[in-house]
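Just so we're on the same page: letters track the sequence lines, and every chain starts at 1.
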Number of protein chains: 2
Amino acid sequence: MTVRPMRSPRATIVDVADAAQVSRQTVSNVLNRPDKVAPATLERVQREILRLGFTPHASAQQLRRKRSSAVGFEVNPLGHRRMGHILDEFLVELTVVAPRHASHVVAFAPDPDDVIAAYRQILASGLVDGFVLADTRHTDPRPGWLMEHEVPFVSFGRLWDLPELQCWVDVDGRAGVRAAVAHLVEAGYEQVGFLGWPAGSPVGDDRRAGWAEGLHEAGLTSPGSDEESSNQDLDEATAAAERLLGRLGQGAAIVCASDLLALGALRAVRNLDLEPGRDVGVVGFDDTEVAAAMQLSSVRQPVAEAARVAWDMLLAPTSPEPQAQLLTPTLTVRRTSIRRAP
Amino acid sequence: MTVRPMRSPRATIVDVADAAQVSRQTVSNVLNRPDKVAPATLERVQREILRLGFTPHASAQQLRRKRSSAVGFEVNPLGHRRMGHILDEFLVELTVVAPRHASHVVAFAPDPDDVIAAYRQILASGLVDGFVLADTRHTDPRPGWLMEHEVPFVSFGRLWDLPELQCWVDVDGRAGVRAAVAHLVEAGYEQVGFLGWPAGSPVGDDRRAGWAEGLHEAGLTSPGSDEESSNQDLDEATAAAERLLGRLGQGAAIVCASDLLALGALRAVRNLDLEPGRDVGVVGFDDTEVAAAMQLSSVRQPVAEAARVAWDMLLAPTSPEPQAQLLTPTLTVRRTSIRRAP
DNA sequence: CGCCCAAGTATGAACGTTCAAATCGCCATC
DNA sequence: GATGGCGATTTGAACGTTCATACTTGGGCG
């Protein structure tokens, strides 16, 4: 960092102490244990703090307290191109909540070849004293490593590999899809098909289960021919949706595991000269900007709440062990799931 | 932060010094001024550093060096819904580059009612020693305040209000649109219209100028009826694009000031039972995920390069004053600007 | 042979804060 | 009137590093 001289040297705790005719420790107490300070002294010191514009020096505090009051959050340049700015949004919400816990967020981008090294490094340097994980993959090395080294962390996303670990918040995708099905039935669609990802991904399987449950709750039965799967690719999704629409009858709707799949469904609908909403209901997942732009109904993850919960879990006392939390998403209803134009 | 005991107390510089039979200062020199250390000593100390897994304590360094080697980056929960994920992407790239400068990035979210307070606070606490601004608005108070307090900063986006300040990187939107026009003409479209925002926004006006210049360079003249404007709203954009298409002849193309406007253009094209690309060319701006999903050609900002330049500017010597940099975007060609199917 | 210089290394102090323990003043109690 | 105790405040030390300076060693040179 280029060093330009600051206009004025920062005021330190000693400057305040001198000005208020007390010792440094008393000033420290005013800030950290105000109950331990006599009212008159308290007021006098606070006035001087304000007058001098004193702010404690973070590094000095961190050094002495042996904790940084910061959490690390990994950002990933590669995962960025796939759909969904959910994780970006999560970072923002994490940052918004941080001040309430007198903390801050340090972003870091590991070398893809050795992700753990980045965690080790940033932790050893004392820059953070915990992490918030996101985008936990199958056979993710991070949770195990962190646990083994007794590093505090919380994951946004279930820890599928380590069922004994309860330090996570996630969104109940199953409930979200279930709600989408209920909404579509309520809106008057007579059949509800599912367009998902190929079986095998925990998230995708969970969403599919929500669809099956939703059908069951609505008293509908699945003929078995009312689902299709596709990878996260627009053309492939469009083709899958076309096959699916060919098998579904009039007045059907499609629930999709992602907004991109839903976009494929919308194209398929239009290719058949039908109109989304009026002729075929479509609901996506994640409520990305694509959904907003296309007026696509979509299941929205409560990202801000997830961030709040993550902080609470991270700062909660270690015993009793924190309890994993599953948040319920909400449905953003737009034109593609309204059968009759309003 | 919940304090759980670390598995082992961190190794300090003194531990390394003892193990290598040298003084702490020599260890410090090994890390910071290796040229000042005798080869044999260097090697011995480095071996101990590796063996003990020593990493310097960031807070101690920051305290002593009087600088934090960190930059602050403001994230904004409101601005998030508009404007694509360009800024999220910029933050990621900023973070990726940070280690090369032995720095890191601290994210923070100011109270919207007093943005400056957040900058003052985070600066006074010594958490960062500079800032990277983004999303600089008209009559933005931040650049002025930072300059006045001699705080190092760089802006991603021109500082429209303060033409004398050169500490910014931006993307030459004008050149991007010019290139888009050239590409469309090359691809065989005979007319190129423009769908922009209402006049008055510096960014929008700049992009419109690029269109006009592009026409001129291609030897085309504007009949004056070949542009329309709309706010950043899909329905409004669709209507505007329909009006525009009504006035343009066969084999026309539309360059848009944003991907959302382009999305409106795509809808307008389909509403006229035409096919984007084959019948009407469309190019958007920002290459958001919407563009990728819709197979929309779009002008892409070189975000990673902007982040690199921002770091370089921030760390450059103060004299001579840094020179503002205008980066040239690239055109991502997809189906909507290919006249004949490949 | 003594002197000086440079390279290499070591020492004391400082950065700004909080912890742990000591001190001070005051009142209640015996 | 001495004693104990308690609330309020102060003092010394420590956190882990780097700056400024001092010291040591060996070689070149007059």
Side chain to side chain contact (heavy atoms under 4.5 Å, CB included) assessment of V92(A) paired with T95(A): CA-CA 5 Å; V92(A) 171; T95(A) 305; 5.6 Å; no

dA8(D) OP1/OP2 closer than 4.0 Å to side-chain N/O of T26(A): no

Test log, rule side chain to side chain contact (heavy atoms under 4.5 Å, CB included), inputs F54(A) and D15(A): CA-CA 9 Å; F54(A) 167 71; D15(A) 298 329; over 6 Å; no

Worked check of side chain to side chain contact (heavy atoms under 4.5 Å, CB included) between H57(B) and I13(B): CA-CA 9 Å; H57(B) 195 284; I13(B) 207 172; over 6 Å; no

Atom pair distance, as rounded to whole Å: NZ in K36(B) and P in dA10(C): 16 Å

What N/O pairs connect the protein and nucleotides 16-20 of chain D at under 3.5 Å? Give each pair on its own line.
from, atom 1, to, atom 2, distance (Å)
dT17(D), OP1, H57(B), N, 3.1
dT17(D), OP2, I13(B), N, 2.5
dT18(D), OP1, N32(B), ND2, 2.9
dT18(D), OP1, Q61(B), NE2, 3.2
dT18(D), OP1, R65(B), NH2, 3.2
dT18(D), OP2, S28(B), OG, 2.6
dT18(D), O2, R64(B), NH1, 2.8
dT18(D), O4, R24(B), NE, 3.0
dC19(D), N4, Q25(B), OE1, 2.4

Shortest non-hydrogen contact from V71(A) toward V128(A): C-CG1, 3.7 Å

Bend angle of the helix from dC1(C)-dG30(D) to dC30(C)-dG1(D), from helix axes over five pairs at each end, nearest 10°: 70°

Donor-acceptor side-chain pairing of R24(A) and N29(A) below 3.5 angstrom: no

Pairs flagged by side-chain hydrogen bond (donor to acceptor under 3.5 Å, both in side chains) wherever residues 110-119 of chain A is involved - sequence neighbours left out: E74(A)-Y119(A), Y119(A)-R142(A)

Minimum heavy-atom distance between W168(B) and M313(B), given as atom pair plus value: O-CE, 3.3 Å

Centroid separation F108(B) to F131(B) less than 6.0 Å: yes

